[in-house]
Engineer: 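Just dropping this structure here.
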Amino acid sequence: MDNKVVLITGASRGLGKEIAKKLAKNSYDLILNYNNSHEEVKILQNELEHKYGINTLIYKADISNEDEVKDMVNASINKFGKIDILINNASIAIDTTVEDKTVNNFKRILDVNLIGTFLVTKYVSRYMLKEKSGKIINISSTNGIDTNYPESMDYDASKAGVISLTHNFATLLAPYITVNCIAPGWINTEMNKDMDFEFKKNEENKIMLERFANPEEIANVVEFLVSDKSSYINNTVIRVDGGKK
């Protein structure tokens, strides 16, 4: 039987990289999207192909650019003939005071995190509908639900929008394609490695488990959602934050 094919956006580092490792271990073929980190994604590709014997395609695309998204999806179909699963993981953050936020920076956050998720889903789902089969998993954040930080209000708004997209695409693509969302809390990724110690301790004290998640703990939830064990889960937001006090 052919391996299932998964497209992961933002796959070169952080959570995307961990998801790629988890799925490669389970014999999924992977399309690894990236925008800036070519060396990192090339190292990841070599590691996964040699360790697990899977087929991969690495593809540079700014997911906020519609033409680049179309080209990426077409290249993926040309190589694999299908995309069974889409994981919308790519996102960026630019935390500043409200006074320092610019319109251009705010728009860039929305362009990548929200419009990018829309564009990739729009073009991938066309092929899924032809097959009458597919799974889409969006990575949002508790910031899009009830964890508010004024310094990241643009990021928070984008992640709330991802949850809204999840519900709308689930409605649009039913009954053939399931669309679900994961909303992680704090994760120990490269993005947070230089966090102020006192701030981190304060944030950990707000969590029942009193620590940030390891990326693998979020990837475990993705692993479940892409599997056949999640066949009756749809239009759902799964919060993975260690419990909010």
Engineer: Below 4.5 Å, heavy atoms only, C-beta onward: do L173 and V179 meet side chain to side chain?
Structural biologist: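 When only atoms from C-beta onward are counted, V179 and L173 do touch, with a gap below 4.5 Å.
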Engineer: Is it the case that the side chain of K245 and the backbone of N205 share a donor-acceptor pair, with hydrogens and angles ignored and the cut-off at 3.5 Å?
Structural biologist: yes
Engineer: Can you tell me if N214 uses its side chain to pair, donor with acceptor, with the backbone of E216 under 3.5 Å?
Structural biologist: no
Engineer: Ignoring hydrogens and geometry, is there a side-chain-to-backbone donor-acceptor pair from S230 to L225 under 3.5 Å?
Structural biologist: yes
Engineer: With no hydrogens and no angle check, is any side-chain donor or acceptor of N180 less than 3.5 Å from a backbone partner on I233?
Structural biologist: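 A pair under 3.5 Å: yes.
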Engineer: Do Y149 and I207 share a hydrophobic cluster (ILVMFWY, side-chain heavy atoms under 4.5 Å, transitive)?
Structural biologist: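 Same hydrophobic cluster.
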Engineer: Please determine whether the number of non-hydrogen atoms from other residues, nucleotides or ligands lying under 6.0 Å from atom NZ of K70 exceeds 12.
Structural biologist: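 Counting other residues, nucleotides and ligands, NZ of K70 exceeds 12 neighbours.
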Engineer: How about I218 and N220: do any of their side-chain heavy atoms sit closer than 4.5 Å?
Structural biologist: no
Engineer: Verify the distance criterion only: is there a donor paired with an acceptor across the side chains of E223 and N26 at less than 3.5 Å?
Structural biologist: yes
Engineer: Check whether the side chains of R13 and T189 place a donor and an acceptor atom closer than 3.5 Å, and report yes or no.
Structural biologist: no
Engineer: Could you tell me whether the side chain of T236 and the main chain of N234 form a donor-acceptor pair under 3.5 Å?
Structural biologist: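 It does hold such a pair.
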Engineer: Without swapping roles, check the side chain of D29 against the backbone of I54 for a donor-acceptor pair under 3.5 Å.
Structural biologist: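 Not a single qualifying donor-acceptor pair exists.
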Engineer: Please tell me whether N74 and Y127 have a donor and an acceptor in their side chains that are separated by less than 3.5 angstrom.
Structural biologist: yes
Engineer: Do T121 and L86 come close enough that some side-chain heavy atom pair is under 4.5 Å?
Structural biologist: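 With C-beta onward as the side chain, the pair touches.
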Engineer: State plainly whether the residues D146 and K206 are in salt-bridge range, i.e. N to O under 4.0 Å.
Structural biologist: no
Engineer: With side-chain hydrogen bond (donor to acceptor under 3.5 Å, both in side chains) as the test, would you mind laying out the steps for T102 and N104 before giving the verdict?
Structural biologist: CA-CA 5 Å; T102 66; N104 285 340; 5.6 Å; no
Engineer: Between K60 and N35 (side chain of the first, backbone of the second, donor and acceptor by atom type, cut-off under 3.5 Å), is there such a pair?
Structural biologist: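 A pair under 3.5 Å: yes.
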Engineer: Give me the one residue out of K101, K159, K107 that meets salt bridge (Lys or Arg N to Asp or Glu O under 4.0 Å) with D154.
Structural biologist: K101
Engineer: Checking the side chain of D84 only, and the main-chain atoms of V5 only, is there a donor and an acceptor separated by less than 3.5 Å?
Structural biologist: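 Yes, D84 side chain to V5 backbone: donor-acceptor pair under 3.5 Å.
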Engineer: With a 4.5 Å cut-off on side-chain heavy atoms, are W186 and M195 touching?
Structural biologist: yes
Engineer: Looking at S164, S140, S141, which one forms a side chain to side chain contact (heavy atoms under 4.5 Å, CB included) with C181?
Structural biologist: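 It is S140, the one option of S164, S140, S141 that forms the side chain to side chain contact (heavy atoms under 4.5 Å, CB included) with C181.
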Engineer: Identify whether I163 and I238 are in the same connected component of the hydrophobic contact network (ILVMFWY, side-chain heavy atoms under 4.5 Å).
Structural biologist: no
Engineer: Please tell me if the side chains of I31 and T56 come closer than 4.5 Å, counting only heavy atoms from C-beta onward.
Structural biologist: no
Engineer: Let me check something: do I83 and V6 share a hydrophobic cluster, defined by ILVMFWY side-chain heavy atoms less than 4.5 Å apart, either directly or through other members?
Structural biologist: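 No, I83 and V6 fall in different hydrophobic clusters.
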Engineer: Y34, I63: one ILVMFWY side-chain cluster at the under-4.5 Å cut-off?
Structural biologist: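 No.
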Engineer: Would N188 and K200 count as having a side-chain donor-acceptor pair, cut-off 3.5 Å?
Structural biologist: yes
Engineer: Would you indicate whether the side-chain heavy atoms of L44 and N46 approach each other to under 4.5 Å?
Structural biologist: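 Of all side-chain heavy-atom pairs linking L44 with N46, none is under 4.5 Å.
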Engineer: Where the side chain of N33 meets the backbone of I8, is there a donor-acceptor pair that is under 3.5 Å apart?
Structural biologist: no
Engineer: Quick one: do the S158 and N113 side chains pair a donor with an acceptor below 3.5 Å?
Structural biologist: yes
Engineer: Go through the steps to decide whether D100 and T97 satisfy the test side-chain hydrogen bond (donor to acceptor under 3.5 Å, both in side chains), and finish with yes or no.
Structural biologist: CA-CA 5 Å; D100 289 336; T97 64; 3.1 Å; yes
Engineer: When you compare the side chains of T147 and N143, does any donor N or O come within less than 3.5 Å of an acceptor on the partner?
Structural biologist: no
Engineer: Please check if M128 and L23 belong to a single hydrophobic cluster, counting links between Ile, Leu, Val, Met, Phe, Trp and Tyr side chain heavy atoms closer than 4.5 Å.
Structural biologist: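 No: no chain of side-chain contacts under 4.5 Å links M128 to L23.
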Engineer: For K201, is there an ion pair with E210 - N to carboxylate O distance below 4.0 angstrom?
Structural biologist: no
Engineer: State whether a side-chain donor-acceptor pair under 3.5 Å links E66 with Y123.
Structural biologist: yes
Engineer: When you compare the side chain of E68 with that of Y59, does any pair of heavy atoms fall below 4.5 Å?
Structural biologist: no
Engineer: Looking only at side-chain N and O atoms, does N138 offer a donor or acceptor that is under 3.5 Å from a partner on T166?
Structural biologist: yes
